[in-house]
Amino acid sequence: MSLSRLLVTVLNRLQPSAETVMLVSAIAVGLISGTGVTLFRKLILFTQELYWHKIAVVISNHWHWAIVFIPMIGALVVSLVRFRLDKLDQAEAKTSSRELGLSYSQVPLKTVAAALSLGAGASLGPEGPSVELGSNIGSLLGQMLQFSSERIRLLIGAGGAAGLAAGFNAPIAGVFFALEVLLRDSYRTDKSSPNSDVSVVVIASVISALVSQISLGERPAFSLPVYEVRSYWELPLYLGLGVLASVVALMFTRAIKQAKKFFAGEWEIAPFMQKLSMPIKLLIGGLCVGLIALTFPEVIGIGYETVESILQDTPFTIPLLAILLVVKLLLTAISSASGFVGGIFAPSIFLGAVLGSLYGQAIASFLPASIPIAASPAYALVGMAAVLAGTVRAPLTSVLLLFEMTRDYRIVLPLMAAVGLCAWVLDHQIDSSKSADRMIMQWSGLPADIEVLEKIKIAEVMTLNPASVKYSMPLMQAAQFITSGYHHSALVLDEINHLQGILTTQDLKRLLSAPATDRPLEDMTVQNICTSEVICTFADESLAEALKRMATRDLRQMPVVDRHQPKRVIGMVDRLAITTAYNTALTKRAITARITATKSTVPIANNTYTAITNGSSNGSSNIPSNSANDKSNDKDNNLNNSLSNTLDSNSTNNLNRESDIHSSEAISS
């Protein structure tokens, strides 16, 4: 906090340009992220020493099997931290609207929870929390400096790159991870200064890696023996490994998804899991980790010691490698779903190393000795990159990450071949575009049911008369107009009502909080501070497309323009209207399903009841029964007619709304 406030004070006094501010911010993000990741790694080592050396020694002296309780003790401690996190999250949701990332108090607690989870033996990795730590540091710094949402997004990407660079000691891979995953869509839409954005990410990544090297050392993550590709005819063998890696990556991601459904009580055989509290679920996960620690201690925790042994060609039998592959996959899914905090980078690397070593030994046993092939560590290294690429959907990052971690160029070509084929197979097996869209929606707190959003058009939810100001209007007058109407933003139009930009309350707040400039505010106009590059949508597009564009820059509102005349505004769409339409669509779908179920069950019940009364009573006794059935049928028909009229009325209103839009377009033309 004190460092951030000092940075704010210095920037306010120097009054630098926007590029200089972002440069200084990138350096600050790199320094803070590198320091934070270093402390995070040391906290993991401290908790591992506490749990598995001090406590384990005391317990194992009495009962060897009692080490089962060590992960359960860790689960209880993690549950206390997560309970505090949930309390802060609920308090924040009640008091204010959520900003990008976590709050000031949540960031250290989330990091401590991850360190406690990994120290207790949870089968997860430290790189995911490191990336999240850096991203949250970038978000908090951007909020303190009162940056726009677009610049905060850039600092989030720079922080993520810094976290990965410090975690793996790989600054180049950190840059590509930010551009390939974190800033993929926003980088595509930002046409103003792509080189400046890359510079911010690069500087943060380099500074963070430098801090990590000073604190933790410069050695690579893994030490490799001397080996080489024996023949270029081996390339088909590496391609086969890429196909197998895609299968393992697919099974891994689906196992995590199914485990989360199990612990959420969505499995038919285990609905009771929904009623269990978070500490109980964590205890179940801790018990599973403890039981596995008795028989297969290689798979608990981060697992880099086992990966190091595989790369050093330590003898592992083929059956043992197969068992480790299955057990690690399942234990990681259980650890993640039960509530432990950690990432999937390290488990993916572990699975890839085991798969590659298993594959290398298997083909060596089948092929004759006269055919030269590389040793199993070479295939282990390629498997690490391939499974990681398939799991996180970042092939370039995986190639560069493994290259920087090993610092060995001899294996790069097979590495690229296997990773590329693995990514290609998964792209054809999974609709990665919708998966990425859901990630964007969830990151921005937006509805994530793409199928529902694709059926609703912008024309059905947009506002026809958005707030607007003139391009040449005095700034103070425009500020009074926006604040008097409680608008979040206003469109900036020229003299012929063509769109020139957008003015937000955040722009005004940032200008008013800045130190006095040479030009007084009374002499400034809207064109001096408004954002000229505006992302727009069209009336005939779906809400899914609009939300994807809004999520790239965390927009609350977006103008709707004529497709044939992009400068002519016909409306405005905002998140509240989209969320309302989304919830309404879900409600309509539930009502329709209920009506369909009622129609299919009520007549059968009536016929059964009539048949029973006819078989057991005389004709006079059927009169009240038939009357009751008639009343019930009349009631169902009235309900169905009422709902049908309501739905027809809504459809008619939507058609009339679209007709009004087309009429307004014709009048404006």
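Only this structure's heavy atoms are used, side chains among them; waters, hydrogens and symmetry mates stay out. Keep in mind the model is a prediction, meaning the values are calculated, not measured.
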Scan for side chain to side chain donor-acceptor pair (under 3.5 Å) pairs involving residues 26-41, sequence neighbours excluded, and state none if there are none.
->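 Listed once each, the pairs are Arg41-Glu127.
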
Just verifying a value: how many Å separate [X] [atom1] and [Y] [atom2], rounded to the nearest 0.5 Å?
{"X": "Leu155", "Y": "Gln143", "atom1": "CG", "atom2": "CD", "value": "10.5 Å"}
{"X": "Phe147", "Y": "Ile152", "atom1": "CZ", "atom2": "CD1", "value": "8.5 Å"}
{"X": "Tyr471", "Y": "Ile496", "atom1": "OH", "atom2": "CD1", "value": "13.0 Å"}
{"X": "Ile502", "Y": "Cys530", "atom1": "CD1", "atom2": "SG", "value": "9.5 Å"}
{"X": "Ser472", "Y": "Asn528", "atom1": "OG", "atom2": "CG", "value": "11.0 Å"}
{"X": "Gln477", "Y": "Ile482", "atom1": "CD", "atom2": "CD1", "value": "11.5 Å"}

Return the set of residues passing side chain to side chain donor-acceptor pair (under 3.5 Å) with [X] (not counting sequence neighbours), or none when no residue passes.
{"X": "Ser212", "answer": "none"}
{"X": "Thr537", "answer": "Glu541"}
{"X": "Arg82", "answer": "none"}
{"X": "Gln480", "answer": "none"}

Give me the ring orientation class for Phe345 and Phe177: parallel if the planes are under 30° apart, tilted from 30 to 60°, perpendicular past 60°.
->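 Taking Phe177 first and then Phe345, their aromatic rings stand perpendicular (interplane angle over 60°).
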
Test item: side-chain donor near acceptor, Ser139 and Asn136, under 3.5 Å =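 No, no side-chain donor-acceptor contact under 3.5 Å.
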
Compute whether any side-chain donor of one residue and acceptor of the other, for Asn497 and Lys470, lie under 3.5 angstrom apart.
->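 Yes, a side-chain donor-acceptor pair sits under 3.5 Å.
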
Could you note down all residue pairs passing salt bridge (Lys or Arg N to Asp or Glu O under 4.0 Å) where residues 167-177 supplies at least one of them, sequence neighbours left out?
->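 Qualifying pairs, neighbours excluded: none.
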
Could you tell me whether Lys110 and Glu132 have a side-chain N and a carboxylate O separated by less than 4.0 Å?
->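 A salt bridge is present here (some side-chain N lies under 4.0 Å from a carboxylate O).
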
Less than 4.5 Å apart, any side-chain heavy atom of Ser25 and any of Leu145?
->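 Touching, per the 4.5 Å side-chain cut-off.
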
Side chains of Ser468 and Val492: does their closest heavy-atom pair fall under 4.5 Å?
->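 Sidechains of Val492 and Ser468: no contact.
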
Main-chain N/O of Pro566 paired with Asp562 side-chain donor or acceptor, under 3.5 Å =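 It does not hold such a pair.
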
Just by modelled atom types, is the Ala162 backbone N or O under 3.5 Å from a matching donor or acceptor in the Ser208 side chain?
->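 Yes, because the side chain of Ser208 sits within donor-acceptor range (under 3.5 Å) of the backbone of Ala162.
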
List the residues meeting side chain to side chain contact (heavy atoms under 4.5 Å, CB included) with [X], not counting sequence neighbours, and say none if there are none.
{"X": "Ile27", "answer": "Leu31, Ile203"}
{"X": "Pro466", "answer": "Leu491, Val569, Met572"}
{"X": "Leu475", "answer": "Leu508, Leu511, Met524, Ile529"}
{"X": "Ser205", "answer": "Ala161, Ala165, Pro171, Val175"}

Can you name the residues that form a salt bridge (Lys or Arg N to Asp or Glu O under 4.0 Å) with Asp540, not counting sequence neighbours?
->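 Testing Asp540 for salt bridge (Lys or Arg N to Asp or Glu O under 4.0 Å), a comparison that skips the adjacent residues, returns Arg563.
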
What do the steps show when you test Gln213 against Asn169 for side chain to side chain donor-acceptor pair (under 3.5 Å), and what is the final call?
-> CA-CA 7 Å; Gln213 289 180 7; Asn169 194 9; 2.9 Å; yes

